[in-house]
2 protein chains.
Amino acid sequence: MVRKTKEEAEITRRQIIDAARRVFHECGVSRTTLEKIATAAGVTRGAVYWHFKNKTDLFFAMRDEAKLPMVDQVVFHEDDADPLGGIERALQILIRILAEQPEVRETFEIISFKCEYVDEFAQVLQNASCQLEFLDKLTRAYERAQSHGQLRAGFTPSQLAHDSFLFVGGLFKHWLGRMPDTRFQEWANQLIHTHVALRRA
Amino acid sequence: MVRKTKEEAEITRRQIIDAARRVFHECGVSRTTLEKIATAAGVTRGAVYWHFKNKTDLFFAMRDEAKLPMVDQVVFHEDDADPLGGIERALQILIRILAEQPEVRETFEIISFKCEYVDEFAQVLQNASCQLEFLDKLTRAYERAQSHGQLRAGFTPSQLAHDSFLFVGGLFKHWLGRMPDTRFQEWANQLIHTHVALRRA
DNA sequence: TCTTATACAAACATGCATGTATGTAAATAG
DNA sequence: CTATTTACATACATGCATGTTTGTATAAGA
């Protein structure tokens with residue numbers, strides 16, 4: 001029992017979160033046991049229980065790690081001379097992040113397909129706050145596009161934003177599991193281009 | 001131990017499937033125990049194990065019950081004089097089914113949010129066959145719309161079908177949990193209308 | 001330098017879900 | 001009418017995941 005320094009302990013904590021992501025992804029959250037995570041991290045359950053209250057606590061810690069890269073890399077520039085093109089670029093960046101950052105992708109796959117939204121986990125869904133924020137950003141971007149005269153007549157920014165919001169939701173739902181395929185990114189960019197072109201004046 | 005007739009046994013089977021749906025929906029598939037299901041159905045685990053091999057078997061039996069009403073109520077009529085309007089109507093029917101048939105909705109909510117796609121359950125996702133069929137129907141409907149001159153120029157039926165496919169996916173993902181709200185249906189129909197209007201010539 | 005808190009490992013206790021085996025009364029087949 | 005099968009209920013055996021407790025060597029604080 002060589003006691004670790006604070007920095008070493010922090011490393012251990014990271015390793016546990018990393019291992020958790022891998023095991024969650026392979027076994028699903030429910031079938032993942034803290035023993036499996038501990039083994040994958042090269043520690044014992046003692047370490048896991050030291051750093052985290054329980055599996056749920058560990059799950060949310062893992063989730064928060066992946067939320068950041070997404071929210072601060074996918075941005076809609078307010079001063080874009082081409083707001084509609086900006087929306088297209090933002091969506092492309094979004095799928096590029098998923099394609100190029102395996103940890104982020106794994107986490108999103110866990111959240112989407114390997115976790116049951118009941119009891120303590122129901123609030124993950126209720127994390128609509130984050131989603132609503134995205135919808136709001138989209139709406140404002142479309143408003144700017146409209147004031148730049150880029151939008152087709154007869155559609156409000158809100159309507160278009162909602163449609164795009166659902167588009168992204170569908171993209172996540174249908175393609176997350178098939179991501180590492182390199183052809184996918186090309187494919188998704190095509191779909192994004194079409195989607196945006198539909199709103200262009 | 002009053003032995004049941006064949007018909008009574010079939011009723012028992014149905015009751016078990018019904019109870020399974022309710023408990024799956026409340027507890028999630030993983031946390032659902034066969035004991036809970038049995039109790040909810042007014043039987044013992046003996047009955048459950050008699051009718052089904054295990055929880056997985058029961059899950060898929062439940063799923064198959066809900067698949068039928070969906071596939072044969074949502075249709076794209078081949079001889080529609082207004083194919084594009086037909087697409088809009090088909091999508092409206094789709095959400096009406098979810099709004100009006102609680103059992104179907106519950107099952108879809110279970111599949112979407114209360115089940116982890118690993119091991120034996122991974123094949124549910126791989127039930128892409130059903131999804132691909134839907135995408136195919138959409139594509140053919142858009143082809144008919146195109147030959148009727150209803151589509152905006154510059155977009156292929158396949159592109160539009162994919163975008164609509166993702167739209168429906170997003171609709172499922174974001175609104176399934178909030179369905180019983182009566183305002184939702186109105187809301188969804190608005191979104192569907194906008195979505196279809198975007199493709200109109 | 002001495003003390004205390006830390007960062008775990010190891011051991012323990014518990015409960016619960018599963019699967020199977022056995023029992024049984026009545027339905028059904030012959 | 002008898003034999004067999006059916007449709008369960010009940011009882012049993014097992015394993016595994018969880019949470020807690022205890023032990024301990026050392027880092028950090030005073």
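Below, chain A is the first sequence line, B the second, and so on; all start at residue 1.
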Residue-phosphate contact under 4.0 Å: A/Thr5 side-chain N/O, D/dT26 OP1/OP2:
no
Please check the phosphate of D/dA27 (OP1 and OP2 only) for any side-chain N or O of A/Lys6 closer than 4.0 Å.
no
At less than 3.5 Å, do the side-chain atoms of B/Arg3 and the base atoms of C/dA27 form a donor-acceptor pair?
yes
Would you say C/dT18 has OP1 or OP2 under 4.0 Å from some side-chain N or O of B/Thr33?
yes
Report yes if at least one side-chain N or O of B/Tyr49 is closer than 4.0 Å to OP1 or OP2 of C/dG19; otherwise report no.
yes
Could you state the CZ-P distance from A/Phe52 to D/dT18, rounded to the nearest angstrom?
15 Å
Give a yes/no on whether any side-chain N or O of A/Trp50 is located under 4.0 angstrom from OP1 or OP2 of C/dA7.
yes
For a quick check of understanding: with a heavy-atom distance under 4.0 Å over all strands, which category does A/Thr44 fall into, base, sugar-phosphate or nothing?
base
Any idea how A/Tyr117 and B/Phe113 line up, ring-wise: parallel (<30°), tilted (30 to 60°), or perpendicular (>60°)?
perpendicular
Report the relative orientation of the aromatic rings in B/Phe59 and B/Phe24; use parallel for angles under 30°, tilted for 30 to 60°, perpendicular for over 60°.
perpendicular
Mutual orientation of the aromatic rings belonging to A/Phe134 and A/Phe165 [parallel < 30°, tilted 30-60°, perpendicular > 60°]
tilted
How many whole angstroms separate atom CD of A/Glu8 from atom P of C/dA7?
10 Å
Measuring to OP1 and OP2 of C/dC8, would you say a side-chain N or O of A/His51 lies under 4.0 angstrom away?
yes
